[in-house]
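What follows is one structure encoded as structure tokens, with my remarks underneath.
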Amino acid sequence: MKIGYPCINLTLKCSGNKTFRLKSYSEPRLIATVESNLNCLLRILEFNVKHKIFFFRISSDLVPFASHPVNTCNWSQRFKDKLEEIGAFIKKHSLRISMHPDQFTLINSPSEDIFQRSAKELAYHTAILDIMQLDASAKIQIHVGGIYHDKDTSLQRFINRFSLIDASTRKRLVIENDDRLFTIADCLQISASTGIPVLFDVFHHRVNSTSASVCEALKLAQKTWKARTDGVPMVDYSSQRIDGSSRAHAESIDMDDFQQFLEETKPIDFDVMLEIKDKEKSAIKAVKAASQDLRFHQ
DNA sequence: CTTAGTCAAGGGGTA
DNA sequence: TACCCCTTGACTAAG
């Protein structure tokens, strides 16, 4: 079990996801931004190792406009050495890495254009992990997509489109149950016909679920990960913000809830991504709590 | 310096 | 059809 947080470290005085407006795009600015992002990423990973945070989600903004036509810079060549250096650090410390393209990446869209642009965005994420020379346990997580008035057809379209995605991306791709449309049961169904691993989101399951308990659902998701190539399952964990009505993430980790979560999932091994606003602060608390757990990676 | 509006990209729901 | 909501952080122009 490794514990992590997404994209941003609030303690360090650097940002690994600097971007800028499309209007102010220029190649020098892109290069300066990527350079600064990569330097910060390495600093964050070093910080994480110090604090036994062995799981991290790399921001999709690492290379701004990476899949946009405006960006004609050969960034993968230009930053190859730096990316390899970061990759070497990741491997040296056995860090688990994920990436999460945002909502606009929809491979099940009826629109061929949206599908093509999504494929490009996925190719960018794949390139980052490939250049770092990380194995297939470094994952790219997406949601199933939209319903488009017909859930079954849209679910089937995901399956068809998945087969059209480049193999280098396919081996890294995992799907996550979302908070409104596709439940863990839907994801498992897609997994059954594509072999894609299912990333279980605990919070989404609580607000959009079939009857399965957290532990049952997690067990089913676990079966979709091939231990040898995919690594142990990844799980997204967060607690709901106190104000109730909102689906927003909590400000800080609810330690009672987290402890109970650790208890109820024993003895399943998995890596936990804490989607919580105060980022590494909660991760450090969680690491402390989990370090007594036999599953915890030391 | 601080603040409020806005940002590449979509989709769902309601009036 | 038109508009609002979702969620996120940071850029950016205005004050």
Side-chain angles (χ1 to χ4, degrees), chain A residues 5-26 28-30 32-34 36-37 40-41 44 57-73 75 98-125 140-155 157-158 161 175-183 186 201 203-204 206-208 236 238-252 273-282:
Chain A
Y5 61 97
C7 306
I8 293 164
N9 180 298
L10 299 169
T11 307
L12 296 171
K13 299 279 180 280
C14 75
S15 157
N17 60 324
K18 269 203 184 28
T19 182
F20 48 85
R21 297 294 155 88
L22 181 57
K23 274 188 199 164
S24 40
Y25 183 92
S26 73
R29 179 145 188 195
L30 178 85
T33 304
V34 175
S36 143
N37 284 345
C40 182
L41 173 58
I44 292 175
R57 181 186 298 164
I58 296 175
S59 167
S60 295
D61 287 331
L62 194 65
V63 180
F65 306 104
S67 69
H68 191 283
V70 75
N71 186 341
T72 54
C73 173
W75 53 264
S98 68
M99 293 187 85
H100 193 349
D102 60 5
Q103 306 293 336
F104 310 110
T105 303
L106 293 158
I107 70 172
N108 85 335
S109 170
S111 151
E112 188 62 26
D113 183 48
I114 291 174
F115 170 63
Q116 289 300 339
R117 279 185 283 132
S118 297
K120 280 206 180 89
E121 182 69 355
L122 290 172
Y124 149 61
H125 286 77
I140 299 169
Q141 64 185 99
I142 57 172
H143 295 290
V144 178
I147 296 282
Y148 311 102
H149 310 299
D150 182 345
K151 192 168 178 181
D152 286 340
T153 304
S154 298
L155 191 149
R157 196 184 307 105
F158 182 98
R161 286 280 183 60
I175 43 172
E176 172 192 353
N177 55 309
D178 68 74
D179 57 353
R180 290 178 305 147
L181 309 177
F182 292 94
T183 64
D186 300 324
D201 185 305
F203 180 40
H204 292 165
R206 284 178 180 157
V207 295
N208 177 32
D236 279 358
S238 66
S239 10
Q240 190 166 18
R241 198 153 68 187
I242 312 290
D243 71 33
S245 64
S246 167
R247 278 193 287 259
H249 292 151
E251 191 55 44
S252 185
M273 178 59 61
L274 301 174
E275 295 187 314
I276 293 170
K277 288 203 187 285
D278 67 2
K279 307 286 179 181
E280 76 281 359
K281 223 169 135 188
S282 283

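Keep in mind that the numbers below use all heavy atoms, side chains included, and drop hydrogens, waters and symmetry copies. Since the model is a prediction, treat every value here as computed from it, not as a measurement. In what follows, chains carry the letters A, B, and so on, assigned in the order in which the sequence lines appear, proteins first and then strands, with residues in each chain numbered from 1.
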Gap between atoms CG and P, on A/D178 and B/dG12 respectively (whole Å): 10 Å
A/D61 side chain to A/T19 backbone, donor-acceptor under 3.5 Å: no
Close side-chain approach of A/S24 and A/R29, heavy atoms under 4.5 Å: yes
Pairwise side-chain contact, A/Y124 with A/P101, heavy-atom cut-off 4.5 Å (strictly under): no
Pairwise P distance for B/dA9 and C/dT12, with rounding to whole Å: 15 Å
Integer-rounded Å distance: B/dG10 P and A/F158 CZ: 18 Å
Residue A/K279, side-chain atoms from C-beta onward, closest of C/dC11, B/dG11, C/dG9: C/dG9
Student check: side-chain heavy atoms of A/N71 and A/V63 closer than 4.5 Å: yes
Validation row, ring centre A/F182 to ring centre A/F158 under 6.0 Å: no
Pairwise side-chain contact, A/Q116 with A/K120, heavy-atom cut-off 4.5 Å (strictly under): no
Gap in Å between the two P atoms, one belonging to C/dC3 and one to B/dT6, rounded: 15 Å
A/N208 CG to B/dG11 P, straight-line distance once rounded to whole Å: 18 Å
Euclidean distance, atom CG of residue A/L10 to atom P of C/dG9 [Å, nearest integer]: 8 Å
Length of the CZ-C1' vector between A/R57 and C/dT8, whole Å: 12 Å
Below 4.0 Å: OP1/OP2 of C/dC11 and any side-chain N or O of A/S24: no
Plane angle bin for A/H143 and A/H204 - parallel if under 30°, tilted between 30 and 60°, otherwise perpendicular: tilted
Close N/O contacts between protein and nucleotides 13-15 of chain B (under 3.5 Å):
none

Worked check of salt bridge (charged side-chain N to carboxylate O under 4.0 Å, His left out) between A/R57 and A/D236: CA-CA 11 Å; A/R57 181 186 298 164; A/D236 279 358; 3.4 Å; yes
Contacts of A/F115 that satisfy ring-ring contact (aromatic ring centres under 6.0 Å, His included) - sequence neighbours left out: none
Pair A/E251-A/K281, salt bridge (charged side-chain N to carboxylate O under 4.0 Å, His left out): steps then yes or no: CA-CA 10 Å; A/E251 191 55 44; A/K281 223 169 135 188; over 6 Å; no
Sorted by number, the residues of residues 102-118 of chain A with heavy-atom contact under 4.0 Å to DNA chain C: none
Whole-Å gap separating C1' (C/dG9) and CD (A/E251): 13 Å
Dot-bracket encoding of pairs in DNA chain C, which uses [ ] for pseudoknotted crossings and | for another strand, Watson-Crick or G-U under 3.5 angstrom: ||||||..|||||||
Interatomic distance, A/D179 CG vs B/dG10 P [rounded to whole Å]: 19 Å
Any side-chain heavy-atom pair of A/D102 and A/H100 under 4.5 Å: no
Length of the line joining A/E275:CD and C/dC6:C1', which is rounded to integer Å: 15 Å
Results of salt bridge (charged side-chain N to carboxylate O under 4.0 Å, His left out) for A/D186 - residues two or more places apart only: A/K151
Minimum side-chain heavy-atom gap A/I276-A/Y5 below 4.5 Å: no
Donor-acceptor pair, side chain of A/S282 and main chain of A/D278, under 3.5 angstrom: no
Protein-nucleotides 6-8 of chain B N/O pairs closer than 3.5 Å?
from	atom 1	to	atom 2	distance (Å)
B/dT6	O2	A/R21	NH2	2.9
B/dA8	OP1	A/L22	N	2.5

Euclidean distance for P, C/dT7 against B/dT14 (whole angstrom): 16 Å
Whole-angstrom distance between B/dA8 and C/dA13, as gauged at atom P: 12 Å
Nearest-Å distance once atom P is located in both B/dG10 and C/dC11: 23 Å
Minimum side-chain heavy-atom gap A/E280-A/L10 below 4.5 Å: yes
